[in-house]
There are 2 protein chains.
Amino acid sequence: MLDSETKAVELPEDHAEELRLWLRLLTCTTLIEGEVRGRLREKFDVTLPRFDLMAQLDKAPDGMTLSDVSKRMMVSNGNVTGLVERLVESGHLDRRTSETDRRVQVIRLTKLGRAEFRKMAAEHETWIADVFADLTPKDVRELMRLLAKTKASAQKSAGRRKA
Amino acid sequence: MLDSETKAVELPEDHAEELRLWLRLLTCTTLIEGEVRGRLREKFDVTLPRFDLMAQLDKAPDGMTLSDVSKRMMVSNGNVTGLVERLVESGHLDRRTSETDRRVQVIRLTKLGRAEFRKMAAEHETWIADVFADLTPKDVRELMRLLAKTKASAQKSAGRRKA
DNA sequence: GCCAATTGCTTGAAGCCTAAAGAAATTCGG
DNA sequence: CCGAATTTCTTTAGGCTTCAAGCAATTGGC
């Protein structure tokens, strides 16, 4: 009893440190996401998912299929269907069936959609810069590196599950 | 015209680095969150928000008010109302009106709720450990530090907006 | 004591999101 | 060429989430 702290004792593994890390990561993301969401809403009356979808399309002048979007945004297919529906409705997106495969829907930004997105994106970039304002360039680099490592580790873990 | 690249030119500030950092942060969180969500669903048939709410209550044996929960979870009041409703319905939560302030609802885990949560939490911790498995202890410490700095910076930024 | 402001929660409308099932088109082995 | 498997997208049911409006209880100034 007096010797309960010997190093030989196998504790049932303590992962409290990783748990705290995960919670902190989640907190940061939630915080920033809420901030961006609120500003997009206030200044442009647009939702974050709509903005994200337009951001994907802005990088693809030749358009994307719904599946592509779904993979890139890491959301379900059904989700994209509805999102696209609303953005076509509001005139920001153009949607057409592929010539070579009639299952495929190709979507693009309309002229209006692109113009509005560019305006929003410019402001958005300054908001993000402001969010990270207190980090030094070195901090930013180091964080990028560690998050890359985290992403790789998480993907490996996810792979282990599905396999 | 031949001199368009002089360093005197004030570029409209390039924050591409911070933007990439934000996207990477978001990707990591989305990835891990999706993983946790899927596993909770598969193994325990429970949603992530329910799990998160129970996690808050597990740390508060004397119960919490809905407002407390709302602040801690960083979600809206209305959101908590519905979440609590469903968890009371399923027998995981106990809800009663405060003796001293009839506006206030105090919620606690029931015996069932606590037992189920503890089981889930134990597994959950191993999933998280697995997600971060490729990070060294030093990586974890460094990431914690940088995320703390990020959180502080983001909060300051959010404060600037609302002020 | 009274009324205004505040606080705690609920409600309603709209949109986001997932998982699962299903419809339509394509691909591929034989 | 044919049928099975696959791929792409939509639909459905259920749940999550926000914002804004509203109700009830409390608090604080006067």
Side-chain angles (χ1 to χ4, degrees), chain A residues 26 29-31 33-54 63-90 92-93 95-107 162, chain B residues 26 29-31 33-54 63-90 92-93 95-107 162:
Chain A
L26 186 54
T29 301
T30 304
L31 202 57
E33 199 173 306
E35 192 62 17
V36 170
R37 186 192 307 280
R39 295 204 197 199
L40 281 175
R41 174 177 175 62
E42 283 172 16
K43 306 231 176 181
F44 300 109
D45 193 33
V46 75
T47 66
L48 185 52
R50 277 165 155 96
F51 178 80
D52 286 342
L53 176 42
M54 288 194 269
M64 298 173 78
T65 70
L66 297 207
S67 291
D68 288 343
V69 172
S70 169
K71 279 175 201 111
R72 286 294 196 90
M73 294 181 70
M74 298 194 279
V75 298
S76 68
N77 275 349
N79 189 355
V80 174
T81 295
L83 213 40
V84 166
E85 218 162 59
R86 288 181 288 269
L87 279 166
V88 167
E89 171 66 24
S90 65
H92 293 85
L93 258 58
R95 158 202 234 148
R96 63 186 59 172
T97 302
S98 162
E99 302 278 333
T100 59
D101 186 337
R102 270 174 300 172
R103 286 170 305 180
V104 176
Q105 302 285 316
V106 177
I107 54 175
K162 281 173 192 143
Chain B
L26 186 55
T29 301
T30 304
L31 201 57
E33 200 172 304
E35 192 60 16
V36 171
R37 184 192 309 280
R39 296 204 196 199
L40 281 176
R41 173 176 177 64
E42 283 172 15
K43 306 231 176 181
F44 300 108
D45 193 32
V46 75
T47 66
L48 185 51
R50 275 162 156 98
F51 178 80
D52 285 344
L53 176 42
M54 286 194 270
M64 298 173 78
T65 71
L66 298 207
S67 291
D68 288 343
V69 171
S70 168
K71 279 176 200 111
R72 285 294 196 89
M73 294 182 69
M74 298 195 280
V75 299
S76 67
N77 274 350
N79 189 353
V80 174
T81 294
L83 214 39
V84 167
E85 218 162 60
R86 288 182 289 268
L87 279 166
V88 168
E89 171 67 24
S90 64
H92 294 85
L93 258 57
R95 159 203 233 147
R96 61 187 60 171
T97 302
S98 162
E99 301 277 332
T100 60
D101 186 337
R102 270 174 302 173
R103 288 169 305 179
V104 175
Q105 301 287 314
V106 177
I107 55 175
K162 283 179 191 136

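Note that the coordinates shown come from a computational prediction; the quantities given were computed from them, not determined experimentally. The chains referred to below are lettered A, B, ... by the order of the sequence lines, with proteins before strands, and numbering in each begins at 1. These numbers come from the heavy atoms of this one structure, side chains and all, not from hydrogens, waters or symmetry mates.
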message = Return whichever of B:Thr100 or A:Val106 has its heavy-atom-nearest nucleotide of DNA chain D closer to the 5' end.
response = A:Val106

key: Whether over 12 other heavy atoms sit under 6.0 Å from B:Glu99 CD   = no

Nucleotide nearest A:Asp101 when distance is taken to its side chain, options C:dC16, C:dT26, C:dC9 = C:dT26

Spacing between A:Asp45 atom CG and C:dG15 atom P, to the nearest angstrom = 11 Å

query = Rounded to whole angstroms, how far apart are CG on B:Leu66 and C1' on D:dA25?
reply = 15 Å

message = In this structure, how many angstroms lie between the C1' atom of D:dT8 and the CG atom of A:Asp68, rounded?
response = 11 Å

message = Between B:Ser76 and B:Asn79, is there a side-chain donor-acceptor contact under 3.5 Å, judged purely by atom types and distance?
response = no

task = Output yes when at least one side-chain N/O atom of A:Thr47 is less than 4.0 Å from OP1 or OP2 of D:dT18, else no.
result = no

inquiry  = Can you measure A:Leu48 atom CG to D:dT18 atom P for me and round it to whole angstrom units?
reply    = 12 Å

query = Is a donor-acceptor pair below 3.5 Å formed from side chain A:Arg103 to base D:dT7, judging by atom type as modelled?
reply = yes

message = When you measure from the side-chain N and O atoms of B:Arg41 to the phosphate of C:dC17, is any distance below 4.0 Å, counting only OP1 and OP2?
response = no

ask   = Considering only side-chain heavy atoms of B:Leu83, which listed nucleotide, C:dG15, D:dC9, D:dT17, is closest?
value = D:dT17

query = Got a sec: does the CZ of A:Arg72 have more than 12 other heavy atoms crowding it under 6.0 Å?
reply = no

Euclidean distance, atom CD1 of residue A:Ile107 to atom P of D:dC9 [Å, nearest integer] = 9 Å

inquiry  = One pair to check against side chain to side chain contact (heavy atoms under 4.5 Å, CB included): A:Leu40 and A:Lys43. What are the steps and the verdict?
reply    = CA-CA 5 Å; A:Leu40 281 175; A:Lys43 306 231 176 181; over 6 Å; no

task = Tell me whether the OP1 or OP2 atom of C:dG8 has a side-chain N or O from B:Ser70 closer than 4.0 Å.
result = no

key: Side-chain touch A:Asn77/A:Leu66, heavy atoms, less than 4.5 angstrom   = no

ask   = What is the distance, rounded to the nearest whole Å, between atom CG of B:Asp52 and atom P of D:dC16?
value = 11 Å

key: Nearest-angstrom distance from the residue atom CD of B:Glu33 to C1' of C:dC16   = 13 Å

note = Across all chains, not counting sequence neighbours, the salt bridge (Lys or Arg N to Asp or Glu O under 4.0 Å) partners of A:Arg50 are none

query = Where along residues 72-82 of chain A does a heavy atom come under 4.0 Å from DNA chain D, residue by residue in number order?
reply = A:Asn77, A:Gly78, A:Thr81

note = CG of A:Leu93 to CG of A:Leu53, rounded to nearest 0.5 Å, is 5.5 Å

note = To the nearest angstrom, the CZ-P distance between A:Arg102 and C:dA25 comes to 6 Å

